[in-house]
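Below is one structure, written out as structure tokens; comments come after it.
Just so you know, these numbers come straight off a predicted model, no measurement behind them. Residue indices begin at 1 and follow the sequence shown.
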Amino acid sequence: MQLTRSSGIFLHPTSLPSRRLDREAYRFVDWLAAAGQSWWQVLPLGPPDEFGSPYRSASAFAASPALLAKPDARVSQAELEDFVARHPFWIGEWARFAGPGAIADQVRFEREWGALRQYAAERDVRLIGDVPIYVADVGSDVEGWPELFEQGEVAGAPPDALSAYGQRWGNPLYDWPTHRATGYRWWIERFRRVSELVDLARIDHFRGFVSYWAVPASHRSARRGHWRRGPGRELFDAVVAALGALPVIAEDLGMITPPVHRLRDALGLPGMVVLHWAFGGRRDNPHATANHRANQVVYTSTHDTDTTVGWYRSLTPAGRSATGLAPAEPHWGLIGLAMASRASLAIVPAQDVLGLGSEARMNRPGEVEGNWRWRLEPGELTDADAARLREATARGRRLPG
């Protein structure tokens with residue numbers, strides 16, 4: 001797919017002042033429109049785990065009832081029956097796992113999310129979602145389709161410069177031969193559900209579809225894991241044959257190999273670059289602005305990195321000088337670079353618009369406690385912020401229309 005030149009803001013609904021899809025969500029859409037933004041990017045919408053992580057959700061299909069502005073709103077029998085008829089593949093498994101009221105909550109979410117999405121569309125703002133590659137070890141997917149998952153090994157990431165022991169995520173791995181035997185039905189239905197909820201979606205850990213790090217379940221670290229081959233293009237061909245072209249972004253960050261890039265490009269998917277990593281390194285550094293490509297998404301920072309101000313403060317004096325960013329407002333300097341990038345889509349986390357420090361970062365990979373908690377204060381994103389962002393967006397030739 002080819003992206004049009006545009007920009008957007010990254011803010012999960014749990015970072016809204018109320019953490020719900022209430023009037024603050026609509027106010028944020030109004031702010032996006034005033035700021036000249038075309039996209040609102042969110043994290044996965046599924047029910048988070050006990051630590052608040054949306055990447056370890058109890059369902060790859062269900063949305064989180066915790067986001068509901070009106071969790072007690074009436075749901076009619078006709079609405080329940082209609083929802084079940086339109087979602088026969090997964091709603092039964094979710095209802096068995098989540099218990100009484102589970103289907104009604106999904107009807108309520110569809111009602112509220114649909115109204116918010118329509119409101120955004122009327123203001124030329126579209127939604128970007130997120131598709132975690134893995135599911136939770138305890139959830140409706142593992143309980144409903146146990147044959148689709150392996151035993152004995154779990155998901156993780158290999159040791160690297162950031163972690164000598166790697167990362168043991170603990171998610172169950174897929175039994176890919178069984179998925180292949182089913183024609184990748186579970187994945188087809190998963191992408192069908194994604195297309196119902198958002199206009200564009202980021203596929204988390206895209207490299208795992210080429211090869212993935214498998215860790216013995218009995219090991220406490222990922223150090224002794226090993227690479228295993230993923231399904232590659234076959235999975236995506238099955239999904240495209242069933243649903244048509246996929247409006248997705250490939251998260252191609254981290255330890256990326258040429259086969260990962262070949263699959264991304266063969267599928268015509270835009271990849272990602274992050275400006276925190278644009279300074280220094282080899283001349284072919286993909287994050288350096290000189291190496292950006294048109295079919296790409298550029299981020300100032302992500303939910304897994306520090307905020308831009310926090311990152312800048314962590315640099316040595318020489319490192320700060322090498323960025324060429326103004327010490328007083330490094331976040332606006334990086335926003336300017338993102339808007340000027342050759343990449344078609346530029347995404348800026350709300351924390352970077354506000355110039356917040358490390359205390360506002362969303363996630364610290366490898367840590368369990370203290371993540372996913374940052375939220376806006378009411379009125380924190382001001383009209384002045386919108387006007388300044390709109391100016392930067394206009395200079396980057398990214399305004400809608």
Just do the side chain to side chain contact (heavy atoms under 4.5 Å, CB included) check on F206 and V131 with the steps written out, would you? CA-CA 10 Å; F206 179 75; V131 183; over 6 Å; no
Test log, rule side chain to side chain contact (heavy atoms under 4.5 Å, CB included), inputs M339 and L389: CA-CA 10 Å; M339 295 299 179; L389 183 59; 3.9 Å; yes
For S7 and Q37: C-alpha separation, side-chain torsions, deciding distance, then whether side chain to side chain contact (heavy atoms under 4.5 Å, CB included) applies. CA-CA 6 Å; S7 61; Q37 302 309 295; 2.8 Å; yes
Side chain to side chain contact (heavy atoms under 4.5 Å, CB included) between W372 and D49, intermediate numbers included: CA-CA 11 Å; W372 319 108; D49 68 7; 5.7 Å; no
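Using the six-membered ring where Trp is involved, W176 and Y174 have ring planes that are tilted, between 30° and 60° apart.
Nearest heavy atoms, F279 versus N285: N-ND2, 4.4 Å. Taking each heavy atom of V29 and A120 in turn, the nearest pair found is CG1-CA, 3.7 Å. When all heavy atoms are compared, the tightest approach of I335 to A392 is CG2-CB, 4.4 Å. Nearest heavy atom pair, residue V298 against residue A338, reads CG1-O, 3.7 Å. Residues R19 and T14 come closest through the heavy atom pair NH1-O, 2.9 Å. In terms of heavy-atom proximity, P54 sits nearest to P132 at O-CG, 4.2 Å.
Ion pair E189/R185 flagged as a salt bridge, since at least one NZ, NE, NH1 or NH2 atom sits closer than 4.0 Å to an Asp/Glu carboxylate oxygen. In summary, R27 and D30 do not engage in a salt bridge, as defined by a charged side-chain N under 4.0 Å from a carboxylate O. By the 4.0 Å N-to-carboxylate-O rule, D284 lies close enough to R282 to be salt-bridged with it. Using a cut-off of 4.0 Å between Lys/Arg side-chain N and Asp/Glu carboxylate O, E391 and R388 are scored as not salt-bridged. Ion pairing between a basic and an acidic side chain is recognised when a charged N comes within 4.0 Å of a carboxylate O; E143 and R96 show no such pairing. With respect to the salt-bridge test (charged N to carboxylate O, under 4.0 angstrom), the residues D306 and R313 do not qualify. Between D137 and R56 there is a salt bridge, since at least one side-chain N of the basic residue sits less than 4.0 Å from a carboxylate O of the acidic one. The pair E153-R228 meets the salt-bridge criterion, since a charged nitrogen lies less than 4.0 angstrom from a carboxylate oxygen.
Under the 4.5 Å side-chain criterion, counting only non-hydrogen atoms from C-beta, F97 is not in contact with D141. Side-chain atoms of V135 and F149, non-hydrogen and from C-beta on, do get closer than 4.5 Å to each other. In this structure the side chain of L45 reaches within 4.5 angstrom of the side chain of F109, judged on heavy atoms. The side-chain heavy atoms of S15 and M362, taken from C-beta on, include a pair separated by under 4.5 Å. Residues R126 and P400 form no side-chain contact, since every pair of their non-hydrogen atoms from C-beta on lies 4.5 Å or further apart. Looking at heavy atoms from C-beta onward, H12 lies in side-chain contact with V42 at the 4.5 angstrom threshold. Proximity of L325 to Y312: side-chain heavy atoms (C-beta onward) are separated by under 4.5 Å at one or more points. At a threshold of 4.5 Å between non-hydrogen side-chain atoms, the residues N295 and D265 do not count as touching.
Remark: side-chain polar atoms of E24 are not paired, donor with acceptor, to backbone N or O of P17 under 3.5 angstrom. Side chain of S140 to main chain of A58: a donor-acceptor pair is present (N/O by atom type, distance under 3.5 Å, no hydrogens or angles). In this structure a side-chain-to-backbone donor-acceptor pair under 3.5 Å is present from E251 to L253. Between the side chain of N171 and the main chain of A155, no donor-acceptor pair closer than 3.5 Å is present. Although no hydrogens or angles enter the test, the distance criterion places no donor-acceptor pair under 3.5 Å between the side chain of R168 and the main chain of A222. Q106 places a side-chain N or O within donor-acceptor distance of the main-chain N or O of A63, the cut-off being under 3.5 Å. Proximity of a side-chain donor or acceptor of H226 to a complementary backbone N or O of W213 within less than 3.5 Å is not detected. A donor-acceptor pair is defined here as one N or O able to donate and one able to accept, closer than 3.5 Å; no such pair exists between the side chain of D175 and the backbone of E150. Listed for the R117 side chain is a donor-acceptor partner under 3.5 Å among the backbone atoms of V198. Judged by distance alone, with hydrogens and angles left aside, the side-chain atoms of T382 form a donor-acceptor pair with the main-chain N or O of D385 at under 3.5 Å.
Going from atom CG of L43 over to atom CD of Q41 covers 8.0 Å, rounded to the nearest 0.5 Å. Rounding to the nearest 0.5 Å places CD of E369 at 12.5 Å from CZ of R364. For the atom pair I249 CD1 and I128 CD1, the distance stands at 4.5 Å (nearest 0.5 Å). Note that the CG atom of D124 and the CG atom of L399 stand 11.5 Å from one another [nearest 0.5 Å]. A distance of 12.0 Å separates CG in L200 from OG in S195, rounded to the nearest 0.5 Å. The line from CD of E79 to CZ of R108 is 9.5 Å long, rounded to the nearest 0.5 Å.
When ring centroids are compared, W40 and F28 come within the 6.0 Å threshold. Checked against the 6.0 Å centroid criterion, the rings of Y55 and H205 do not qualify as a close aromatic pair. In summary, the aromatic rings of F236 and F209 are positioned with their centroids under 6.0 Å apart.
Side-chain contact of E196 with H87: a donor-acceptor pair under 3.5 Å is present, judged by distance alone. Residues W39 and S6 have side chains that bring a donor and an acceptor to within less than 3.5 angstrom of each other.
Around CG of D383, the count of heavy atoms belonging to other residues, nucleotides or ligands within 6.0 Å does not exceed 12. Within 6.0 Å of the CZ atom in R223, the count of heavy atoms belonging to other residues, nucleotides or ligands does not exceed 12. Around atom CZ of R180, more than 12 heavy atoms belonging to other residues, nucleotides or ligands sit under 6.0 Å away. The environment of Q151 atom CD is sparse: at most 12 non-hydrogen atoms of other residues, nucleotides or ligands sit within 6.0 angstrom.
Applying the ring-ring contact (aromatic ring centres under 6.0 Å, His included) test between W145 and each of F89, W90, W94 identifies F89 as the sole match.
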